[in-house]
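To start, the structure itself, in C-alpha cells.
Model, not experiment: these values are computed from the prediction.
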Amino acid sequence: MSRVPKKKKKLLTYLVILLVVSGFLFANQNILESVKMGIVQVVASPMNIILIPLKEIKKLVFYHSTFDRYQQLQEEVEMLRSRLLGQEESSRENSRFRELLNFRKSLVFSSVPANVIGRDPSNWESTVIIDKGEMAGVKKGMPVVTALGVVGKIAEVGKTKSKVMLLNDPNFSVAAIVERSREQGLVSGTLQGICRMRYLSSGADVTSGDVIITSKISSSFPEGVTVGKVVRLNENPSSPTLDCFVEPAVSLSKLEEVLVIKK
Amino acid sequence: MKRAFSIALIVFIVFYCEFILFSVFGRFFKPNLLLLLVIFFNISRGTEYSIFVAILAGLLKDGFSASEFGAYFISFVVCGYLVTMLRKYFYQVDSGHLRIIVAGVMSLLHAGLVYSLGYAPQMIDFDQALIFVILPEVVATTLVAAFVFDKLKICALKFSV
C-alpha cells in the first residue's frame, strides 16, 4: 500500500522535470544566451589544452603535404608581389579620381585578433569558440575573417569568449557576387559542410572555378572579401534561379587565428 | 554528493571525448557518446541516474550550440525516460545485442527530436538532415555502442558510481 504513493511521487517528479526542461524551449532566448555563454566560459578552457597535442600530431602526420603547400604558396607570393607593383599605381590614380569626385569611403577597419579555442562537436552546426568577448569590444553580428577570406560572424558573446557561426553553418548567409561577372547571389551554409550560392539569375554567367566575394549590399561584411570558389553548378531546368556549390576559401576545419572586424 | 560529483566528472570527460573524436575524424565519424552515457546509466543504475546525466549532457550540448536553448536538453531527458520503458517491457539484462539495438533506436529518436525541436523551425531540409547528419550519427553510435558500454562499466567502477 505504501509503495503506490511512492511510485506516483516518482512519476510526478519525472513529469515536473520534463515540464521544466520543456519550458526552456519557450523561454526568452536572450536571457538563456548568457546561461549558454556561462557554460562555454567554464567548459571551453580545457578544450584549448586538449587541442595542443592534437595539433602537434597533425603537424607531424601532415608534414610533407604542409611543406609542399608552403613551397606552392611561396611561388604565389612572389607572383602576387610583382602584380602588386603595377596595381599600386592604379590604386593611387583611383584615389585621386575619387577625391576629385568628392567620393569618400572608409577602407580601414579596426579589428580584434582572436584564437580559436574550441568548437561545438556537432554535425548540425558549424561553430567555433574564440578567446575574445565583450571585454575586448566584440559584439554579436560582427564579421569574422582571416587573411584568406570570410570565416563567419559572431553568434553569441560572453565576457571573455564568443561563439562564431562559420560560413558553412546552415544558418549563415551573406550577400555575395561572382568576382568575374559581378552576378549577385546569396551564399549560405549547408549540412554537407560546403556552401551554396543561391538566387543567381537563370542565365547567370558563372562557371566552375569562379571566385566569389562579398557584395557591396552585404550589411555585415565589408565588400570584396573572398568567400570561396565555385566547385559545381546545380542546374535545375524547372527552377527560375540558378545555384552553385562554393568551397570556402578558408579551411574551416583548421582554423587557429581569426580577425573580428569592429565596425 | 560525492557520487553526483563523480557522475558530473564522467559527463565532462565523455563530452571532451566527443570533442576529440570530432577534431580528429570530423563529420564523417561522430558517435553520440553522451547519449550512450545516458543509456548506460539507465540500464546499469536506474532512471534517476540517467535523468541526472541527461540534464547535465543537455546543458553542455545546448550551451555549445548556437541554436535555441532546450532542444538537446529535452531530447536527452525524453530518451532517458524512454530507455526506462524499453527496459521494462523489452530488455533482457543478459543480452548484449539488445543493448546495441536500444542504442541504435535511441540515437535515431534523439536525432529526430533534436531536428524537430531545434532545426525544423529554421527551415532546414529534412532530406539533407537525414543524409548528412541523422544517418551517419545513428550508424556511428550503433557501431561503437558495445565498446563504449564496456569502457563505461570500467569507468563507473573506478569512480565508484
Side-chain angles (χ1 to χ4, degrees), chain A residues 10 13-15 17-18 20-29 31-33 35-44 46-47 49-51 53-55 57-58 118-129 152 154-156 163-166 169-172 189-194 253, chain B residues 12 15-24 26-28 30 32-34 47-48 51-52 54-55 58-78 80-81 84 111 114-115 117-119 121-125 127-134 136-137 140:
Chain A
K10 248 187 189 177
T13 313
Y14 294 153
L15 197 63
I17 290 173
L18 196 58
V20 166
V21 158
S22 307
F24 278 111
L25 212 52
F26 303 103
N28 187 339
Q29 292 294 320
I31 298 167
L32 289 171
E33 215 173 90
V35 171
K36 282 168 94 174
M37 287 317 296
I39 294 167
V40 166
Q41 301 272 71
V42 169
V43 180
M47 276 180 169
I49 300 165
I50 291 168
L51 274 178
L54 285 176
K55 279 181 200 169
I57 290 168
K58 269 186 182 172
R119 59 196 320 148
D120 176 23
S122 165
N123 280 343
W124 289 106
E125 294 167 353
S126 292
T127 54
V128 294
I129 314 293
I154 301 289
E156 287 169 22
K163 225 179 264 179
V164 178
M165 183 189 293
L166 297 178
D169 186 293
N171 292 314
F172 179 92
T190 64
L191 287 172
Q192 295 156 263
I194 200 168
S253 56
Chain B
F12 274 98
F15 180 73
Y16 289 129
C17 288
E18 259 197 35
F19 166 68
I20 291 169
L21 275 177
F22 189 74
S23 300
V24 173
R27 49 178 51 245
F28 301 107
K30 212 225 123 295
N32 195 335
L33 298 180
L34 285 170
T47 312
E48 295 91 352
I51 298 300
F52 179 63
I55 287 170
L59 275 172
L60 278 175
K61 289 295 281 187
D62 272 324
F64 272 77
S65 156
S67 69
E68 305 275 296
F69 190 95
Y72 281 100
F73 211 172
I74 294 172
S75 182
F76 276 119
V77 169
V78 166
Y81 285 132
T84 305
V114 166
Y115 172 76
L117 296 170
Y119 301 98
Q122 292 166 18
M123 311 295 277
I124 289 175
D125 272 340
D127 300 339
Q128 296 273 306
L130 186 68
I131 295 167
F132 295 108
V133 183
I134 296 175
E137 189 174 297

Where does [X] contact chain A at under 4.5 Å (heavy atoms): side chain, backbone, both or neither?
{"X": "B:Tyr115", "answer": "both"}
{"X": "B:Leu59", "answer": "both"}
{"X": "B:Phe28", "answer": "neither"}
{"X": "B:Ile51", "answer": "side chain"}

**Item:** Closest approach of A:Arg119 to B:Phe64 (non-hydrogen atoms, all atoms of both residues)
**Value:**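 Distance-wise, the nearest heavy atoms are O-CD2, 4.3 Å.
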**Request:** Search all heavy atoms of B:Val133 against all heavy atoms of A:Asn123 and return the closest pair with its distance.
**Result:** CG2-O, 3.6 Å
Using atom types as modelled and distance alone, determine if a side-chain donor or acceptor of [X] lies under 3.5 Å from a backbone N or O of [Y].
{"X": "B:Lys61", "Y": "A:Pro121", "result": "yes"}
{"X": "A:Lys36", "Y": "B:Ser65", "result": "yes"}
{"X": "A:Glu125", "Y": "B:Ala66", "result": "yes"}

Are [X] and [Y] close enough that some pair of their side-chain heavy atoms sits under 4.5 Å apart?
{"X": "A:Pro46", "Y": "B:Tyr16", "answer": "yes"}
{"X": "A:Pro170", "Y": "B:Tyr119", "answer": "no"}
{"X": "A:Asp120", "Y": "B:Phe22", "answer": "no"}
{"X": "B:Phe12", "Y": "A:Val43", "answer": "yes"}

**Request:** Tell me, out of B:Pro136, B:Ser23, B:Ala71, who's got the most heavy-atom pairs with chain A below 4.5 Å.
**Result:** B:Ser23
**Request:** Quick one: which of B:Val78, B:Ile131, B:Leu21, B:Thr47 has the most heavy-atom pairs under 4.5 Å with chain A, could you say?
**Result:**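 Among the listed options, the one with the most contacts to chain A is B:Thr47.
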**Asked** Using non-hydrogen atoms only, which part of A:Leu54 is less than 4.5 Å away from chain B: side chain, backbone, both, or neither?
**Response**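 The answer is the side chain of A:Leu54.
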**Prompt:** With a 4.5 angstrom heavy-atom cut-off, which part of A:Glu156 approaches chain B: side chain, backbone, both or neither?
**Reply:**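 The side chain, not the backbone.
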**Asked** For the candidates A:Ser122, A:Ala155, A:Gly118, which exhibits the highest count of non-hydrogen atom pairs separated by less than 4.5 Å from chain B?
**Response** A:Ser122
**Prompt:** Among A:Ile39, A:Ile129, A:Ile57, A:Thr13, who wins on heavy-atom pairs under 4.5 Å with chain B?
**Reply:**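 Most heavy-atom pairs under 4.5 Å with chain B: A:Ile39.
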**Prompt:** When rounded to the nearest 0.5 angstrom, what is the spacing between CH2 in A:Trp124 and NZ in B:Lys30?
**Reply:** 11.0 Å
